[in-house]
Protein chains: 2
Amino acid sequence: MVQPDQSSLRNQLLRALAPEDFALVGPYLEPVALPKGKVLIEPNQPIEYVYFAESGVASVVALNSDHRPVEIAIVGWEGLVGPSIVLGVDRTPHQSFFQMEGGGYRIATPHLIRALEASRTLHDLLLRYIYVVTVQTAATAMSNGDSVLSERLARWLLMCHDRVDGNELALTHEFLSLMLAVRRPGVTEAIHLLEGTGMIRARRSHITILDRERLEETAGDSYGVPEAEYERLIPNPEVSGGSHSRRDPREIE
Amino acid sequence: MVQPDQSSLRNQLLRALAPEDFALVGPYLEPVALPKGKVLIEPNQPIEYVYFAESGVASVVALNSDHRPVEIAIVGWEGLVGPSIVLGVDRTPHQSFFQMEGGGYRIATPHLIRALEASRTLHDLLLRYIYVVTVQTAATAMSNGDSVLSERLARWLLMCHDRVDGNELALTHEFLSLMLAVRRPGVTEAIHLLEGTGMIRARRSHITILDRERLEETAGDSYGVPEAEYERLIPNPEVSGGSHSRRDPREIE
DNA sequence: GCCGCTCTGTACGGTTTCATACGATGGCCG
DNA sequence: CGGCCATCGTATGAAACCGTACAGAGCGGC
């Protein structure tokens with residue numbers, strides 16, 4: 001197993017680890033390809049691996065009575081997939097799958113648990129991330145109950161944009177309608193609304209972010225609170241040569 | 001400070017603690033009255049106390065852009081108020097307040113933190129509870145996005161019923177409309193719907209649960225998943241003489 | 001017993017979203 | 001380059017919910 005070099009990683013949690021904490025997990029990290037649609041965690045099944053994405057985006061969904069998924073959280077290179085392990089819980093009723101292709105590392109659950117037991121600072125860092133996820137899920141609950149579709153869509157696009165290189169998002173209306181738990185033509189309309197004011201450009205299976213700032217205005221308070229909590233609580237190590245920080249200014253187009 | 005006797009407590013978390021873990025927190029528990037409307041945690045302010053309710057019900061809410069609260073979780077004698085402390089975070093953007101009068105204990109944050117550092121089993125138990133809260137919040141997100149008002153109302157009444165003695169809930173339509181983030185006349189209509197089929201009886205400022213089973217059917221999958229996770233993960237010590245377990249059969253009227 | 005306040009019932013038009021259906025379009029593959 | 005399938009645009013009527021407004025009903029204080 002080739003241990004990755006901590007400073008060359010993009011995953012912000014792994015990067016934020018103290019070197020001695022990274023030494024506890026580094027040897028057990030296995031690189032994995034994370035293609036679109038790959039299911040990382042099955043509902044109510046033991047979680048065998050926890051995933052640290054380097055690129056791409058994962059969705060955590062709850063399944064409703066019609067077995068339709070409803071998104072409750074989104075994870076990219078800022079986080080990990082399989083948070084319940086950090087809380088000492090071996091399985092969850094939710095499903096996690098990759099929605100935008102990428103790659104990353106996984107660690108077998110027993111190794112992670114041993115590392116968590118060995119280092120309180122490691123555990124503490126990951127718990128602070130778990131806290132941020134709870135705030136994100138709360139924001140999802142608020143957004144779902146309180147916002148019109150175009151706002152919820154704006155929020156979702158922003159969260160996706162935060163976790164991707166560049167301004168191109170590979171997304172279909174159908175997929176968005178699943179994530180936002182609305183009907184597909186509704187998404188089409190909401191996209192036209194945002195497109196009409198020039199915030200985004202929509203092409204077949206692709207959405208381009210054109211004006212992030214106005215998207216944030218559109219999303220209102222449903223976007224921003226979890227992101228600020230992340231910044232407050234997860235240390236942001238200096239970015240090494242030309243790499244990507246979540247808050248880097250982005251070249252538009 | 002009179003240390004309460006663990007076996008005489010109703011709070012399920014305190015009861016579930018191993019005696020040696022209870023010894024770490026017991027000496028610092030201060031009894032508190034928890035009247036309706038009392039704010040336990042202010043958004044973005046340092047959390048000074050964590051609360052263990054013995055009776056009554058607390059709401060955790062996020063504040064939207066209009067400063068209107070939207071409920072994201074509900075806590076009673078099964079849990080604690082101030083979960084972010086357990087995750088090592090000193091404040092949160094959410095607000096917690098008491099919505100149905102009761103009482104309980106509070107512990108000053110530094111004492112709890114010291115106890116969490118001293119005992120991993122204590123920390124682990126409380127983390128498992130935090131996990132259940134995340135599942136509850138996820139269910140709220142799903143319910144908000146996916147369900148009609150009467151279903152959401154049924155879910156909310158059930159969660160409240162779980163945390164109260166008897167079948168009487170002291171609730172106004174106005175308050176429910178805040179919690180569910182809908183307009184007040186909508187609540188009136190939804191209540192009539194449930195009342196028309198005999199699941200509840202509504203009187204001024206009071207709702208009586210008449211048929212819990214059919215309420216659960218009405219709520220569908222939005223109710224039950226977090227509750228099952230609680231049962232799975234939090235040990236349920238034997239109930240001492242005539243006390244109350246969450247799952248006791250209830251005398252209906 | 002009356003006043004006044006809170007709470008509940010009801011009404012109205014308007015907006016958003018629903019469910020469903022079907023035609024158009026883009027782009028991949030043979 | 002032509003066909004096919006995923007994707008997207010659009011239509012239509014129904015339902016849920018919104019914001020607002022106002023009248024009636026319960027209940028405590030005096």
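Quick caveat, the model's predicted, so the values are computed rather than measured.
Computed from C1' positions of five pairs at each end, the angle between the two local axes of the helix from C/dG1-D/dC30 to C/dG30-D/dC1 equals 30°, rounded to 10 degrees.
Expressed to the nearest 0.5 Å, how far CD of A/Q95 lies from CD of A/Q45 amounts to 11.0 Å. Note that CG of B/L153 is 6.5 Å distant from CD1 of B/I207, once rounded to the nearest 0.5 Å.
At C/dC18, one or more side-chain N or O atoms of A/R183 fall inside 4.0 Å of OP1 or OP2 (strictly under the cut-off).
Atoms NE2 (A/H192) and C1' (D/dA11) sit 14 Å apart, rounded to a whole Å. Between B/E189 atom CD and D/dA16 atom P there is a gap of 10 Å when expressed in whole angstrom units. The CG atom of B/L178 sits 12 Å away from the P atom of D/dG19 (whole-angstrom rounding). The interatomic distance linking A/R184 (CZ) with C/dT20 (C1') rounds to 11 Å, in whole Å. Summarising the geometry, the separation between NE2 on B/H173 and P on D/dC17 is reported as 16 Å, rounded to the nearest angstrom. Rounded to whole Å, atom C1' of D/dA16 lies 12 Å from atom CG of B/L193. Between the C1' atom of C/dT8 and the CD1 atom of B/I200 lies a distance of 13 Å, rounded to the nearest Å. One atom, CZ of A/F175, and another, P of D/dT7, lie 12 Å apart when rounded to the nearest Å.
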Derivation of the salt bridge (charged side-chain N to carboxylate O under 4.0 Å, His left out) call for B/R106 and B/E30: CA-CA 5 Å; B/R106 70 179 191 187; B/E30 313 168 25; 3.1 Å; yes
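Considering only the side chain of A/T188, D/dG9 comes nearest among C/dC7, D/dT20, D/dG9. The listed nucleotides are C/dT10, C/dT25, D/dG9; the one nearest the side chain of A/R204 is C/dT25. Here C/dA21 is the nucleotide among D/dG9, C/dA11, C/dA21 with the atom lying nearest to any side-chain atom of A/P185.
Between A/E216 and A/R212 a salt bridge is recorded (basic side-chain N to carboxylate O distance below 4.0 Å). Salt-bridge annotation for A/R214 and A/E217: absent, with no side-chain N of the basic residue lying under 4.0 Å from a carboxylate O of the acidic one. A salt bridge between B/E229 and A/R91 is absent, with no side-chain N of the basic residue lying under 4.0 Å from a carboxylate O of the acidic one.
Nearest heavy-atom pair, A/E174 versus A/S177, reported as atom, atom and distance to 0.1 Å: O-OG, 2.7 Å. Scanning both residues, B/V81 and B/V50, for their nearest heavy atoms gives O-CG1, 3.3 Å.
Listed by residue number, A/V148, A/L149 are the residues of residues 143-153 of chain A with a heavy-atom contact under 4.0 Å to DNA chain C.
At least one donor-acceptor pair under 3.5 Å links the side chain of B/N144 to the backbone N or O of A/A141.
Of the two residues near DNA chain D, A/L171 and B/V182, the one whose nearest nucleotide lies more 5' is A/L171.
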